[in-house]
Novice: 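Sharing a structure, written as structure tokens. Questions coming.
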Protein chains: 2
Amino acid sequence: MSDITTNFNDRTIEYEQLLNDFKVLLKKNALKFTIQREVILETLYDSDEHLTPESLHNLIQEKFPDLKIGIATVYRTLSLLEDSSMVTSLSFGAQGKKYELGAKDHHDHLICTECGSITEFVDEQIEHRQHKIADELGFFMKDHSMQIYGICKLCQQT
Amino acid sequence: MSDITTNFNDRTIEYEQLLNDFKVLLKKNALKFTIQREVILETLYDSDEHLTPESLHNLIQEKFPDLKIGIATVYRTLSLLEDSSMVTSLSFGAQGKKYELGAKDHHDHLICTECGSITEFVDEQIEHRQHKIADELGFFMKDHSMQIYGICKLCQQT
DNA sequence: GTCGCTGCAAAGTCTTTGCAGAGAG
DNA sequence: CTCTCTGCAAAGACTTTGCAGCGAC
């Protein structure tokens with residue numbers, strides 16, 4: 001289960017790399033690098049949660065009270081990031097989509113339908129089969145996501 | 001890939017079984033069996049597509065022009081069916097949720113991000129690993145879904 | 001008969017869009 | 001300077017809800 005391959009130094013480097021990718025992406029499309037876009041990327045990176053546009057917006061307002069950022073900008077930036085495959089979105093249950101940074105190690109999700117918590121896991125065998133299946137069907141795989149729904153250990157006790 | 005374990009006779013029996021499960025479910029919760037609810041279940045069963053509430057509503061109106069059925073009823077019935085795990089929903093991309101009957105054989109999805117088509121597949125190894133992972137983490141698994149995103153064979157040619 | 005169900009339309013959510021001023025390149 | 005971005009508010013898309021009459025049990 002543990003997939004700890006990064007320490008704090010690596011994380012910083014990892015973020016710099018990510019930020020750089022973002023800048024390259026922007027430049028390539030003649031888009032501008034703005035403080036809002038940076039803050040959104042950074043906040044996504046720092047959070048280990050799966051964030052809704054609204055919760056991301058709230059987080060940013062807490063962390064950067066001086067920066068007025070509109071929810072519309074959050075939506076626009078998330079779309080941009082998703083289109084360029086830098087973030088992936090996940091949606092389940094009644095509510096809207098949750099986003100997470102795609103650059104982190106790939107992983108799948110266990111979602112508790114009682115409390116809504118999300119646990120991540122990685123399984124090499126599954127990853128491998130996915131690639132194989134896509135290949136067999138002549139499908140060019142760009143991304144994948146897997147969710148297991150159920151009741152988490154904690155909720156089972158109550 | 002082929003997973004043809006049913007023929008037309010079985011399908012009919014399968015549907016009767018499904019309908020019966022639905023009736024039992026309704027009775028258990030002191031809910032009523034109405035023509036609208038039956039038509040929704042039947043249309044879901046007959047369709048091999050993954051339907052949005054709107055497309056399901058359209059389909060029903062085509063198949064049963066005399067029956068006036070409101071979109072609200074479709075939403076209400078889908079929620080009911082989803083809560084009782086008789087249908088599962090899938091959401092991806094920009095648009096809303098798509099529903100499919102959960103009673104059919106379990107399968108996963110290849111989703112083309114170009115044309116939106118959904119191809120289904122079944123893989124025993126993946127199914128098996130999923131159960132194992134849930135067990136290991138003390139998670140009571142109720143359902144799962146897997147999606148592979150990419151570009152389908154057809155769209156790659158153009 | 002009772003009480004849940006339905007269609008309708010109105011009310012909510014969540015997201016996107018138009019616009020005029022601000023700011024990156 | 002030019003042309004994209006941004007925040008705001010208004011518009012849209014998708015869902016849910018209140019209600020009065022209808023229909024299953």
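Every chain is numbered from 1, with letters handed out A, B, ... down the list of sequences. None of the values given here were measured: they were computed from a predicted structure.
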Novice: By nearest heavy atom, map F33(B) and S79(B) onto DNA chain D; which one lands nearer the 5' end?
Specialist: S79(B)
Novice: Between Y99(B) (OH) and dC14(D) (C1'), how many Å, whole number?
Specialist: 11 Å
Novice: To the nearest angstrom, how far is L81(A) atom CG from dC5(D) atom P?
Specialist: 13 Å
Novice: Can you work out whether I35(B) or T77(A) has the more 5'-proximal nearest nucleotide on DNA chain D?
Specialist: T77(A)
Novice: Could you tell me the separation between the CZ atom of F64(B) and the CD1 atom of I69(B), rounded to the nearest 0.5 Å?
Specialist: 9.5 Å
Novice: Rounding to an integer number of Å, can you tell me how far D66(A) CG sits from dG7(D) C1'?
Specialist: 17 Å
Novice: Return no unless some side-chain N or O of Y75(A) is found under 4.0 Å from OP1 or OP2 of dT16(C).
Specialist: no
Novice: Roughly how far apart are H128(A) NE2 and I133(A) CD1, rounded to 0.5 Å?
Specialist: 10.5 Å
Novice: Just how far is it from atom OG1 of T88(A) to atom NZ of K97(A), taken to the nearest 0.5 Å?
Specialist: 10.5 Å
Novice: Side chains of E82(B) and S89(B) only: does a donor on one sit below 3.5 Å from an acceptor on the other?
Specialist: yes
Novice: Write down the distance between NZ (K97(A)) and C1' (dT16(C)), rounded to a whole number of angstrom.
Specialist: 12 Å
Novice: Output a table of nitrogen or oxygen pairs between the protein and nucleotides 3-5 of chain C separated by less than 3.5 Å.
Specialist:
from	atom 1	to	atom 2	distance (Å)
dC3(C)	O2	K32(B)	NZ	2.9
dC5(C)	OP1	K32(B)	N	3.3
dC5(C)	OP1	R37(B)	NH1	2.7
dC5(C)	OP1	R37(B)	NH2	3.1

Novice: Using whole Å, what does the distance between atom P of nucleotide dC14(C) and atom NE2 of H57(A) come to?
Specialist: 14 Å
Novice: Return the set of residues passing ring pair (Phe, Tyr, Trp, His ring centres under 6.0 Å) with H109(A) (not counting sequence neighbours), or none when no residue passes.
Specialist: H50(A), H107(A)
Novice: In whole angstroms, how far is the P atom of dC5(D) from the CD1 atom of I40(A)?
Specialist: 12 Å
Novice: Scan I69(A) against the nucleic acid and name what it touches under 4.0 Å (heavy atoms): base, sugar-phosphate only, or nothing.
Specialist: sugar-phosphate
Novice: Could you state the interatomic distance from CD (E42(B)) to CG (L19(B)), rounded to the nearest 0.5 Å?
Specialist: 8.5 Å
Novice: Determine the interplanar angle of the Y15(B) and Y45(B) rings, folded into 0 to 90°, and report it as parallel if under 30°, tilted if 30 to 60°, perpendicular if over 60°.
Specialist: tilted
Novice: May I have the distance from L78(A) (atom CG) to dC5(D) (atom P), rounded to whole angstrom?
Specialist: 15 Å
Novice: Check the distance between dA24(D)'s P and K23(B)'s NZ and give it to me in whole angstrom.
Specialist: 13 Å
